[in-house]
Undergrad: 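There's a structure below that I have some questions on.
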Amino acid sequence: MKYWLIKSEPDCYSIDDLKRDKKTAWTGVRNYQARNFIREMKVGDLIIYYHSSANPPSAAGVAKVVKAPYAEKEPLWSAVDVGFVEKFENPLTLPVIKINPKLDGMMVTQQGSRLSVQPVSKEHFEVIRKLGMVVSRP
DNA sequence: GCCAACGTTGGC
DNA sequence: GCCAACGTTGGC
């Protein structure tokens, strides 16, 4: 079981869109490194759903792989289907992710990391999920 | 909208 | 195989 992070611009396709659609085909990845990660995905792998180019950018929820990688454009590119798991009550914004020492070393916080599909450690995944589900009260 | 940091392309 | 030019990503 592996853990991943995928980026999407919410204006384009947000966690709410995924919630509504239940699942979607994750196509259009045109970066070799990201493609190689897609090819490593297995059904059941969990995914941090990250909103990029947003105000602020944030980890917005959790998705999962629901269909194994398949060729999108033979033989070059690959895709998977991802399904909705949960939307965070308390999305973790990028500054918050950066500040948390438990989340040190995540690819998404590294400067210039433009990879739209990234591996995430189990520890990092669980910290983000836990914090995301917590509803902060005054 | 700006721009820095990347990845990719293409001439040589 | 180098590297300049170009296009894209994504934080701010």
Side-chain angles (χ1 to χ4, degrees):
Chain A
M1 165 88 150
K2 290 187 176 170
Y3 302 88
W4 309 94
L5 178 148
I6 59 178
K7 296 180 185 173
S8 179
E9 300 191 20
D11 289 347
C12 180
Y13 195 84
S14 73
I15 188 77
D16 291 316
D17 294 321
L18 183 61
K19 184 176 185 179
R20 182 197 60 221
D21 296 343
K22 307 281 196 297
K23 68 168 193 171
T24 192
W26 208 254
T27 59
V29 171
R30 293 293 181 270
N31 171 287
Y32 290 103
Q33 221 182 330
R35 180 205 66 184
N36 293 342
F37 287 136
I38 282 186
R39 289 181 175 176
E40 290 179 35
M41 288 182 174
K42 296 214 164 61
V43 171
D45 283 1
L46 290 171
I47 303 169
I48 301 285
Y49 198 96
Y50 179 84
H51 281 168
S52 65
S53 295
N55 270 313
S58 65
V62 176
K64 67 182 173 187
V65 179
V66 295
K67 183 178 173 185
Y70 51 91
E72 182 197 346
K73 275 196 104 194
E74 290 279 14
L76 224 44
W77 302 111
S78 298
V80 289
D81 289 356
V82 302
F84 176 78
V85 175
E86 70 202 12
K87 180 185 175 182
F88 287 156
E89 296 285 328
N90 183 38
L92 265 76
T93 66
L94 185 59
V96 167
I97 293 172
K98 281 181 173 170
I99 276 173
N100 192 324
K102 287 182 184 165
L103 298 174
D104 274 357
M106 284 193 67
M107 288 182 89
V108 76
T109 60
Q110 275 153 36
Q111 180 178 22
S113 175
R114 293 166 32 179
L115 257 192
S116 59
V117 178
Q118 314 177 353
V120 174
S121 73
K122 183 177 189 205
E123 291 74 23
H124 287 163
F125 178 88
E126 285 171 353
V127 169
I128 287 182
R129 187 177 204 178
K130 196 170 177 181
L131 292 174
M133 294 306 287
V134 170
V135 185
S136 46
R137 295 193 173 81

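Each chain gets a letter, A, B and so on, in the order the sequences are listed, and its residues count up from 1.
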Undergrad: Between C:dG10 atom P and A:I97 atom CD1, what is the distance in whole Å?
TA: 14 Å
Undergrad: Hey, can you tell me if A:F37 and A:W4 have their rings parallel, tilted or perpendicular (30° and 60° cut-offs)?
TA: tilted
Undergrad: Taking the ring of A:W77 and the ring of A:Y70, is the distance between their centroids below 6.0 Å?
TA: no
Undergrad: Would you mind telling me which of B:dG7, B:dT8, C:dG10 lies closest to the side-chain atoms of A:S53?
TA: C:dG10
Undergrad: B:dG7, B:dT8, C:dC12: which one has an atom nearest the side-chain heavy atoms of A:K98?
TA: C:dC12
Undergrad: Rounded to whole angstrom units, what separation is found between the CE atom of A:M106 and the P atom of C:dG11?
TA: 12 Å
Undergrad: Whole angstrom is fine here: how far is it from CD1 in A:I6 over to P in C:dT9?
TA: 16 Å
Undergrad: Nearest whole angstrom, please: distance from the P of C:dT9 to the CZ of A:R30.
TA: 11 Å
Undergrad: Rounded to whole Å, please give me the gap between CE in A:M107 and P in B:dA5.
TA: 18 Å
Undergrad: Give the rounded distance in Å between these two atoms: CH2 of A:W77 and C1' of B:dG7.
TA: 11 Å
Undergrad: Any side-chain N or O of A:Y50 less than 4.0 Å from the OP1 or OP2 oxygen of C:dG11?
TA: yes
Undergrad: So, A:K19 and A:D16, do they make that salt bridge, N to O below 4.0 Å?
TA: no
Undergrad: Rounded to whole angstrom units, what separation is found between the OH atom of A:Y32 and the C1' atom of B:dT9?
TA: 11 Å
Undergrad: Assign A:N31 to base, sugar-phosphate, or nothing according to its heavy-atom contacts below 4.0 angstrom with the strands shown.
TA: sugar-phosphate
Undergrad: Salt bridge or not between A:K102 and A:E126? Use side-chain N to carboxylate O under 4.0 Å.
TA: no
Undergrad: Using OP1 and OP2 only, check whether a side-chain N or O of A:K7 sits under 4.0 Å from C:dG11.
TA: no
Undergrad: How many Å lie between CZ on A:F37 and P on B:dG7, as a whole number?
TA: 12 Å
